[in-house]
Amino acid sequence: MAAKHGWGWVNLADPLSDGNGNLSKAYCSDNYFHHNSDGYKVWCDVLRQYAADRMGLGVKLSKGEWRKSGDSVYYQYSDGILASGGWHWIDENNDGYARCYYFTKDGTLLQDDKTPDGYSVTSDGEWIMNSRIRTEKVAVYG
């Protein structure tokens, strides 16, 4: 419903969850629903990332790891969220230089193909332009 009206939606429940759908006690100050300082840090990190995405910065502010399921490849950020729905700059080795990858709405890495906006990606999913893999200097947080 949010997307239909052009509104944003931020999923704060999953990053704060204990895996069973409850607020993790690690983030709870009263064993019920009030966050402690660690909970508020997660809350702020998620909102910062949402703002960066909405402003079109395109740089994920946390690390993650590649996942594979059958022939599909995914990238899951450290907050548990899959890269999805467009371009993501990923600094795999934390050297301050990221490569850009295109992920479908369901989070599948597009490989050896053209993206919906007309760009080419390599068999490893990296954005290629003028026969060169695109890299950018980035700052990584988290």
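Hydrogens, waters and symmetry mates play no part in the numbers below; they use all other heavy atoms, side chains included.
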Check your understanding: Checking side chain to side chain contact (heavy atoms under 4.5 Å, CB included) for the pair Tyr77/Glu65: CA distance, chi angles, key distance, verdict?
Key -> CA-CA 6 Å; Tyr77 290 105; Glu65 56 186 52; over 6 Å; no
Using distance alone, with no hydrogens and no angle criterion, decide if Thr122 and Asp124 have a side-chain donor and acceptor under 3.5 Å apart.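 No, because no side-chain N or O of Thr122 sits under 3.5 Å from a partner of the opposite role on Asp124.
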Does one side chain, of His88 or Tyr102, offer a donor that lies under 3.5 Å from an acceptor on the other?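 Looking only at side-chain atoms, Tyr102 and His88 do not form any donor-acceptor pair under 3.5 Å.
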Over all atoms of both residues, closest heavy-atom pair of [X] and [Y]:
X	Y	result
Gly19	Ser17	N-OG, 2.9 Å
Trp89	Arg134	CZ3-O, 3.9 Å
Tyr74	Thr108	CE2-OG1, 3.5 Å
Trp66	Leu109	CZ3-CD2, 3.9 Å
Asp91	Tyr97	OD1-O, 3.1 Å

Notebook entry, point to check: Once the angle between the rings of Trp87 and Trp127 is folded into 0 to 90°, is it parallel (under 30°), tilted (30 to 60°) or perpendicular (over 60°)?
Noted result: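 Judged by the thresholds at 30° and 60°, the geometry between Trp87 and Trp127 is tilted.
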Aromatic ring pairing Phe103/Tyr75, orientation class (parallel under 30°, perpendicular over 60°, tilted between)
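Taking Tyr75 first and then Phe103, their aromatic rings sit tilted (interplane angle of 30° to 60°).
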Practice task
Only counting residues at least two apart or in another chain, list the ones meeting side chain to side chain contact (heavy atoms under 4.5 Å, CB included) with Ser24.
Solution key: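 Counting only residues at least two positions away or on another chain, Ser24 forms a side chain to side chain contact (heavy atoms under 4.5 Å, CB included) with Asp18, Ala26, Tyr27.
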| said: Suppose we screen for side chain to side chain contact (heavy atoms under 4.5 Å, CB included). Which residues come up paired with Ser84, at least two apart in sequence or across chains? | reply: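 Ser84 satisfies side chain to side chain contact (heavy atoms under 4.5 Å, CB included) with no residue once adjacent residues are dropped.
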Above 12 or not: heavy atoms from other molecules or residues under 6.0 Å from CG of Asp71?
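No - once you tally the heavy atoms of other residues, nucleotides and ligands closer than 6.0 Å, there are 12 at most.
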Out of curiosity, [X] [atom1] to [Y] [atom2], how far, rounded to the nearest 0.5 Å?
X	Y	atom1	atom2	result
Leu16	Asn22	CG	CG	12.0 Å
Glu126	Arg99	CD	CZ	4.5 Å
Asp38	Ser29	CG	OG	11.0 Å

By side-chain hydrogen bond (donor to acceptor under 3.5 Å, both in side chains) - contacts of [X] (at least two apart):
X	answer
Tyr101	Glu92
Gln76	Arg67
Asp112	none
Ser72	none

Are Leu110 and Thr115 close enough that some pair of their side-chain heavy atoms sits under 4.5 Å apart?
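Of all side-chain heavy-atom pairs linking Thr115 with Leu110, at least one is under 4.5 Å.
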Non-hydrogen side-chain atoms of Ser120 and Lys114 separated by less than 4.5 Å:
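Contact flag for Ser120/Lys114 side chains = yes.
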